[in-house]
Amino acid sequence: AAETGLDGWLRYASFPGAEDYTDQIPRTIVALNTSEVSPVLTGAKELEHGIASIFGVGCDVSHERSDDASSIVIGSLEAYMSHAEESIEIPELIEDGFYLDTTGKQTLIIGKNERGALYGAFEYLSLLAQGNVSSISYASSPDVPIRWINQWDNLRDGGTHGSVERGYGGDSIFFWDGVVREDLTRAAQYARLLASIGVNAVIVNNVNANETILNSTNMDGLARIADVFRPYGVQLGISLYFASPQALGFTNTSDPFDEQVIEFWHNVTDSLYERIPDFAGYLVKANSEGQPGPLTYNRTLADGANMFAKALDPHGGICMFRAFVYDHQNLNETRWKDDRANAAVDFFDGLDTQFMENVVVQIKYGPIDFQVREPVSPLFAHLPNTATAMELQISPEYLGQNVHLVYLSPLWKEILDFDLRVDEQASPVKSIVNGQRFNKTLGGYAGVAGAGMNDTWLGSHLAMSNLYAYGRLAWNPSSDSVDILNAWTKLTFSHEELVVNTIANMSMASWPAYEGYSGNLGVQTLTDILLGHYGPNPASQDDNPWGQWTRADADTIGMDRTVKNGTANAGQYPKEIAMMFEDVSTTPDDLILWFHHLPYTHVLKSGETVIQHFYDAHYNGSATSQTFPAQWETLKDCIDEERYEHVMFRLVYAAGHSLVWRDSINNFYFNKSSIADTADRVENH
Ligand code: GCW
C-alpha cells in the first residue's frame with residue numbers, strides 16, 4: 001500500500017528481528033478504567049493495534065485483572081489503587097505523568113490521571129517500535145501543564161474553504177464553509193498524533209478570530225470536535241474576537257467594564273461549558289494588527305484578559321492572553337527610536353500584579369515575529385507574578401514554509417536555555433515558563449502548527465519532526481535535539497543507521513543553512529514582508545510601518561537598540577543581559593545587527609567584516625542546501641517510493657531556491673554597499 005503520512009510517527013512498522021521478541025510480549029491488555037471515552041481505553045486499543053502491527057501478534061483487551069497471566073495493566077492511579085492489595089508502590093507523579101514498568105510479569109502503565117495512562121501507552125509503544133524491548137521501570141511527568149497547539153484555522157476563506165493562516169498543508173481539518181465539518185475523521189487522527197507527544201489541548205480557530213465561532217451552530221460543531229478529541233485526552237479551546245458582543249448585535253460596545261458585555265461573555269462561556277464540560281479556555285489576540293481590544297475602550301490589557309478569566313474561572317478554564325500587541329500603523333522608520341521590539345514590554349509593564357490567576361500571558365519567543373534569529377523576548381523577565389506561556393511556530397512562516405527543510409528544535413532550545421539572569425540569579429527561560437523561577441503553577445507552551453487536510457499534515461513529511469519535537473520539548477525542554485530527531489526518524493522511516501544518520505545530518509545542518517542563505521547576524525529573515533513571507537526581498541523590510549526594519553543604507557546596517565544611542569530595547573533585559581547587548585564588543589555575532597547599527601566594514605568576533613560574512617554565509621548556507629538532495633538520494637532503497645519522491649521534490653526545489661536567495665541577498669547588499677566580495681563571487685547587476 002502507498003505510504004501516506006497520516007500516521008506520522010505512529011506507523012508501528014515491524015523491524016528486522018521483531019519476531020524474536022514475540023514471546024516476551026504480553027497477550028492480554030487490562031484496562032482498569034471502563035468508560036468508553038476514557039483515554040485509558042484508547043490507550044488499551046492503541047496497544048492492541050501497535051503490538052499487532054509491530055510483532056504480528058494479537059492481544060485481548062479486557063477489564064478483568066488476573067495475577068496469573070502475563071499482561072499489560074493500564075489505568076489511572078486511582079483505578080490502580082482501588083485494587084490496593086495487589087498493587088506495588090508507584091513513584092510520585094504530577095498531573096498527566098505516568099509510571100511505566102516492564103520488569104514484572106505484569107507490565108504496568110499507570111497514569112496520574114487517565115490521560116497520563118494514555119501517554120504511558122504511547123511511550124511504551126514508542127519504545128517497542130524503536131526496537132527497545134529491555135526491562136525498564138521509570139516515572140515521567142511533564143515539565144509544564146500547558147502543552148497546547150494553536151491552529152490558525154479560518155471558518156471560511158473568501159470562498160467556501162476553511163483555510164489555515166500560515167498553514168502549508170491544505171484546508172482546515174475542522175472547518176468548511178463557515179461551519180464545523182461533518183466528517184471529523186481527520187480531527188480524531190490529529191488528536192491521536194498530538195496525544196502521543198503529550199499535547200493536551202488545541203485552540204481550533206485562528207487568533208484572527210471572527211464572531212461567528214460563537215453562533216449556536218458552531219458551538220454545537222465545536223462540541224462534536226471536543227467529542228472526537230476527548231478519548232485522546234485532548235481538550236478543545238477557541239480564539240475569541242474581542243468585539244464579538246457588538247458584532248453579534250447584543251450590545252453597542254465591547255467595553256470590558258460594561259455590564260451587558262460582561263453578561264454576554266458569561267453566557268457564552270456557560271453555553272460552551274454546557275456543551276463541552278472539559279472545555280480548555282480562550283485564546284485572545286487583542287489590540288494587535290488592527291484587532292480591537294480593551295485599549296479600544298480605554299481599559300487596560302489586564303482588564304480585558306480578566307473579563308474572560310472571570311467568566312472561565314467557575315469552570316476551571318484558562319484565558320491565554322497574547323502579548324503580541326503592537327500598532328502596525330504608527331511605527332515610523334524616520335524616527336530613530338521607534339521600535340516594534342519594544343512593544344510587548346511597553347504594553348505589559350505595570351500590569352504584572354493585575355492578572356487573575358487563570359490568565360496566562362502567551363509570548364512569542366522573540367520580540368518581533370518568528371524570525372530565523374531573534375533574542376528571547378524580554379517580556380519573560382517582566383512578569384514574575386503572572387503565568388506565562390511561550391508561543392513557538394511549528395509552521396515555519398518565515399523559515400521556508402515546509403518547502404525548505406528547517407529542523408526547529410535547535411532554534412527553540414537556544415531560546416529555552418537562554419539565561420535571562422533576572423535579579424542576577426540563574427533564570428533560564430524554560431524555568432520561567434514552567435513556573436519554577438517565580439514559584440508559579442501554571443505555564444507552558446503554545447505551538448502554532450498549521451496542520452491541514454494534506455496527507456502529510458504539514459505539507460512535507462520531514463516537517464513532521466518539528467511537530468514531534470514540539471511535543472517532546474514541551475514535555476521535557478531539556479531533551480536533546482538529536483535524540484528527539486533520531487527517535488522520530490526510527491518511528492517514521494526506518495531503524496537503519498544510514499537513514500537515521502542521514503536525516504540527522506541534514507536536519508541538524510538545516511537551520512544554520514537557512515540562516516546562512518537568508519538573513520544573517522540578527523538582521524531578520526529578509527523574506528518578503530508584504531507578500532506571504534516567503535522568498536528573498538530585503539528591500540521590503542524598510543520604509544513601512546511594520547517595524548521589521550534593517551535600516552540598511554550605503555554604509556551601514558542594523559537596528560540600534562542600545563540605551564545610549566538607540567531605541568533602548570537592550571535596556572528591557574535584566575541588568576547583566578542588558579549590559580551584554582548594549583555593547584558591540586559583548587554582543588554575540590549572531591545578534592549583532594539586531595542590537596547595533598554598524599558599518600558594513602565592522603569587524604566581527606569571527607574576524608570577518610559584516611559584509612563579507614553576508615557573502616560567505618550565503619555561499620556556505622546554499623552549498624549545504626545543495627547537498628541535501630544527494631544525501632537523500634542515498635536513502636532511495638530504504639524508503640518507500642511515495643515518501644522518497646515527495647521529499648526529494650522539495651529538497652531539489654529548495655536547493656535551487658537557496659541559490660535564488662544567495663544571489664538576491666548578496667547582489668542587493670553589494671549594490672547598496674559597493675563593497676566587493678573578497679572571493680570575487682558576487683557580481684554587479
Ligand atoms: O506573524 C504574523 C503573521 C500573521 C499572524 C500574526 C499573529 C495570525 O504573519 O499571520 O496572524 O503574526 O501572530 O497574530
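As the structure lists them, so they are numbered: ligands from 1, and atoms in each ligand from 1. Excluded from the calculations below are hydrogen atoms, water molecules and symmetry mates; all remaining heavy atoms, backbone and side chain alike, are included.
F581 and F418 have parallel rings, their planes meeting at less than 30° on a 0 to 90° scale where 60° marks the start of perpendicular.
Between K364 and E374, none of the side-chain N atoms (NZ, or NE/NH1/NH2) sits under 4.0 Å from a carboxylate O, so this pair counts as no salt bridge.
Both the sub-6.0 Å distance and the 45° axial angle are satisfied by R340 relative to the ring of Y326.
Partners of H533 under the side chain to side chain contact (heavy atoms under 4.5 Å, CB included) rule, at least two apart in sequence or in another chain, are R166, E397, Y398, Q401, T527.
The shortest N or O to N or O distance between E391 and ligand 1 is not below 3.5 Å. At a 3.5 angstrom cut-off on N or O pairs, R166 counts as close to ligand 1.
Proximity of F370 to ligand 1, defined as any heavy-atom pair under 4.0 Å, is not found for any part of the residue.
Residue-ligand proximity: K364 is placed with a non-hydrogen atom under 4.0 Å from ligand 1. Within the structure, ligand 1 lacks V448 among the residues with a heavy atom less than 4.0 angstrom away.
In this structure, the ring of F242 has its center less than 6.0 angstrom from the ring center of F308.
Looking only at heavy atoms of the protein, atom 4 (C) of ligand 1 is closest to E165 OE2, 3.3 Å. The shortest contact between atom 2 (C) of ligand 1 and any protein heavy atom is with D369 OD2, 3.1 Å. Among protein heavy atoms, atom 6 (C) of ligand 1 sits closest to E289 OE1, 3.4 Å. At the top of the distance list for atom 9 (O) of ligand 1, counting protein heavy atoms only, stands E397 OE2, 2.5 Å.
Between the choices R322, Q393, K285, H328, the shortest heavy-atom distance to atom 13 (O) of ligand 1 belongs to R322.
Within ligand 1, the atoms closer than 4.0 Å to a non-hydrogen atom of N206 are 8 (C), numbered from 1 in the order shown.
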